[in-house]
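The chains referred to below are lettered A, B, ... by the order of the sequence lines, with proteins before strands, and numbering in each begins at 1. Atoms considered below: every heavy atom in the structure, side chains included; atoms not considered: hydrogens, waters and symmetry mates. Being a predicted model, the structure only gives us computed values, none of them experimental.
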Amino acid sequence: MALELAPSPALAPLASERPRAFSGIQPSGIVHLGNDLGAVRNYVRLQYDYDAIYCIVDYHALTTTHDGTLLRERTREMAASLLALGLDPEHCTLFVQSDRPEHTELAWLLATVTPVSWLERTPTYKEKKLNQPDDVNHGLLTYPVLQAADIVIYKATVVPVGRDQAAHLELSREIVRAFNARYGPTFPEPQAVFTDAPVVLGTDGVRKMSKSIGNTIDIFGAPELIRKQVMSMVTDTKRILRTDPGRPAVCNVCQLHRHFGADYEEIWDGERTARTGCVDTKKLLAERIIAYYAPARERYLELISKPAMVDEVLAAGAARLKPLAEATLAEVHAKMGLR
RNA sequence: AGGCGCGUAGCUCAAUUUGGCAGAGCUCUGGUCUCCAAAACCAGUGGUUGUCGGUUCGAGUCCGGCCGCGCCUGCCA
C-alpha cells in the first residue's frame, strides 16, 4: 500500500449531507414477525433519512454457527427477506460483512486498545458462556470489538438500536475513545438512535420471539402456517371462560394488534367487556398478518427463487463501500505505524 | 506437544463398578378440559450411545486409533 497522508474518508461515494447510519443484523435466516416489528421496519424507515448502511454480519454469526452450508443459506434468506420487506438498494447500502474483509483487520487493530476486562464484563458474553459452555470461543469474547470496527470503518455516527442494546454501543464508544486517545482523533463516537421498536414476545407470550426458541410467527410462511401459529399463542392466562373479561395489557395477541390496524383500542375494548373472545381476536390477527405481508411474501418467494438477483445487490453494496473501508484502513495504518 | 477427565434423545442426566432387551425427567406432539391458548390430567414421538476399528456368543460398558470439549504442565511466532 502506498505511503501517503491519510485520505479524507469524508469523500464518500454516497456523497450525501445526511448523517451516516450503520446497523448490523445477524443472518438468522428468514425473518419472522419479531424481526420485522423490532428492527426491519425501522431500517426501512431510516433509509430515507440517513445515509444508511445495513450489514448482514456473517463473521459475527460464526461465533455460534459452525455449519458453512447453513450459514450461507441463512445469509441469503436474510438478504432476500430484507429486500422483500422494503430495503431499497437505491436508498441504502445492503451488504454482507465478509464481502468487506477490512472489518476483521480493523477489529484486530482495535483489539490492541481494548482491555480484556471490558470484554469479560459484557452481558452477552456472560450469557453465551452459560448458553454454550462447550463452545466459548475467542470470537465470542472479541465480538464487541468487531462490532465497533463494523461501525467506525465507515465512520458512521448513528447506530439505530433497541434500548436493550445500549450497553453494547457504549462499549464501542469506549473503544473508539481509547483509540482516539492513543493515536489522535480518528473516529467519531457513534451515537445510539433509540427507536421505539417494541420487544416482540413470541407465541408463548413470555420470551422474546426467537427462531432458536421456536416461538415465532413466520410472516413469509403459508397462510395455514400463520393461522396455526397465531391460534397457538398464549393469551391472558387468567381469562378461562368465554364470559371472563380479558386484560389486553397482558395479552400478547392484543398487543400485536397495535401493529396491524388503527382500531386496536376498539378490539381491546371488546376483550375487556367479553364482547369478543380470544378466538375472534386471534382469527382477526392472523388474517391481518397474512394480508399485510402478502405482497412482501410474494417478493420474498420471487427473490429466493432467483438468488442471482440477491447476490447482485449484495455485491454492489460491498463494492460501493470498498473505497470507504480502504481509506479508513490506510489512515489507521499511518497513525499506528504500520506500512 | 504431553498428562488427566469427559462425550448416551432437542436439553439435564441414568445404565459403565460386575459386558446381557438404552432408560427417566424436562421439552416437543396428540388427547381430555377451556371460546382459544395456558395450567392440570392422560397418552405418545424421539437414539448411527462422538467416530473408525478390535476383543467377545454378545460392547453404551473392555482395548486401540481419530475427532471434539474441559482442566493441568510445557513449547513457540
Side-chain angles (χ1 to χ4, degrees), chain A residues 28-30 32-34 37 61-71 73-74 104-105 107-109 111-112 116 120 125-143 199-219 221-261 264 266-290 336-339:
Chain A
S28 53
I30 302 181
H32 53 68
L33 185 65
L37 299 183
L62 289 174
T63 58
T64 52
T65 303
H66 306 306
D67 180 329
T69 306
L70 183 67
L71 179 58
E73 184 182 306
R74 287 183 170 176
T104 56
E105 186 186 342
W108 167 257
L109 301 177
T112 63
V116 178
E120 286 171 337
Y125 174 65
K126 294 181 189 170
E127 188 191 315
K128 296 278 185 178
K129 262 171 76 172
L130 290 175
N131 287 347
Q132 49 183 65
D134 291 338
D135 182 26
V136 185
N137 57 75
H138 192 183
L140 236 33
L141 180 66
T142 203
Y143 197 107
V199 172
V200 179
L201 299 180
T203 51
D204 57 16
V206 179
R207 290 172 294 181
K208 188 174 167 179
M209 189 178 289
S210 155
K211 188 171 186 166
S212 58
I213 298 174
N215 61 355
T216 58
I217 294 172
D218 297 316
I219 54 179
E224 310 86 72
L225 176 67
I226 294 176
R227 283 188 197 105
K228 191 182 166 201
Q229 288 173 329
V230 171
M231 289 311 290
S232 78
M233 287 178 70
V234 177
T235 59
D236 178 355
T237 54
K238 293 270 170 58
R239 190 182 185 195
I240 307 296
L241 300 175
R242 170 66 180 79
T243 51
D244 291 340
R247 297 175 300 167
V250 299
C251 174
N252 198 22
V253 177
C254 291
Q255 290 302 314
L256 288 184
H257 265 291
R258 298 176 95 110
H259 307 286
F260 296 97
Y264 71 90
E266 198 177 318
I267 292 168
W268 288 17
D269 192 58
E271 291 289 293
R272 270 191 290 263
T273 60
R275 187 177 70 243
T276 55
C278 294
V279 172
D280 305 318
T281 311
K282 281 181 175 180
K283 282 182 174 166
L284 182 62
L285 179 65
E287 294 315 313
R288 285 187 174 183
I289 290 174
I290 291 165
M336 295 183 86
L338 302 170
R339 295 165 56 81

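- Using N1 to N3 plus N6-O4 or O6-N4 for Watson-Crick, or N1-O2 and O6-N3 for G-U wobble, each under 3.5 Å, C6(B) pairs with G68(B).
- When the C1' atom is compared between A59(B) and A77(B), the two are found 46 Å apart, to the nearest whole Å.
- For the P atom pair drawn from G25(B) and G60(B), the interatomic distance equals 23 Å after rounding to whole Å.
- Taking Asp218(A) as the reference, nothing meets the salt bridge (charged side-chain N to carboxylate O under 4.0 Å, His left out) condition, with sequence neighbours excluded.
- Taking the C1' atoms as reference points, C13(B) lies 13 Å from U49(B), given to the whole Å.
- Partners of Asp244(A) by salt bridge (charged side-chain N to carboxylate O under 4.0 Å, His left out), not counting sequence neighbours: none found.
- Spacing between A14(B) and G7(B) at atom C1', rounded to whole Å, works out to 15 Å.
- Using Watson-Crick or G-U wobble geometry with both donor-acceptor distances under 3.5 Å, C41(B) finds its partner in G31(B).
- With rounding to whole Å, His66(A) atom NE2 is found 16 Å from G50(B) atom C1'.
- Nucleotide A24(B) forms a pair with U12(B), judged by Watson-Crick or G-U wobble geometry with both contacts under 3.5 Å.
- A salt bridge links Glu271(A) to Arg239(A): one of the charged nitrogens lies within less than 4.0 Å of a carboxylate oxygen.
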**Message:** Protein within reach of the bases, or only the backbone? For nucleotides 27-38 of chain B, mark each nucleotide 5' to 3' as B, S or -, using heavy atoms under 4.0 Å.
**Reply:** -------SBBBB
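- If you take atom P in U27(B) and the same atom in G19(B), they sit 37 Å apart, rounded to whole Å.
- With P as the reference atom, A15(B) and G3(B) are 28 Å apart, rounded to whole Å.
- As the counterpart of G60(B), no nucleotide is assigned, since no Watson-Crick or G-U wobble pattern has both distances under 3.5 Å.
- Classification of Lys128(A) and Asp135(A) as a salt-bridged pair fails, no side-chain N sitting under 4.0 Å from a carboxylate O.
- Remark: U73(B) base-pairs with A1(B). Criterion, Watson-Crick or G-U wobble with two distances under 3.5 Å.
- Spacing of P atoms, G5(B) relative to G23(B), comes out at 29 Å, to the nearest Å.
- Atom pair Asp135(A):CG and G50(B):P shows a separation of 19 Å (rounding to whole Å applied).
- Partners of Arg272(A) according to the salt bridge (charged side-chain N to carboxylate O under 4.0 Å, His left out) rule, which considers only residues two or more places apart in sequence or in another chain, do not exist here.
- Residues that satisfy the side-chain hydrogen bond (donor to acceptor under 3.5 Å, both in side chains) test with Thr142(A), not counting sequence neighbours, are absent from this structure.
- Under the salt bridge (charged side-chain N to carboxylate O under 4.0 Å, His left out) criterion, Glu287(A) pairs with Arg227(A), sequence neighbours left out.
- For the P atom pair drawn from U12(B) and C52(B), the interatomic distance equals 23 Å after rounding to whole Å.
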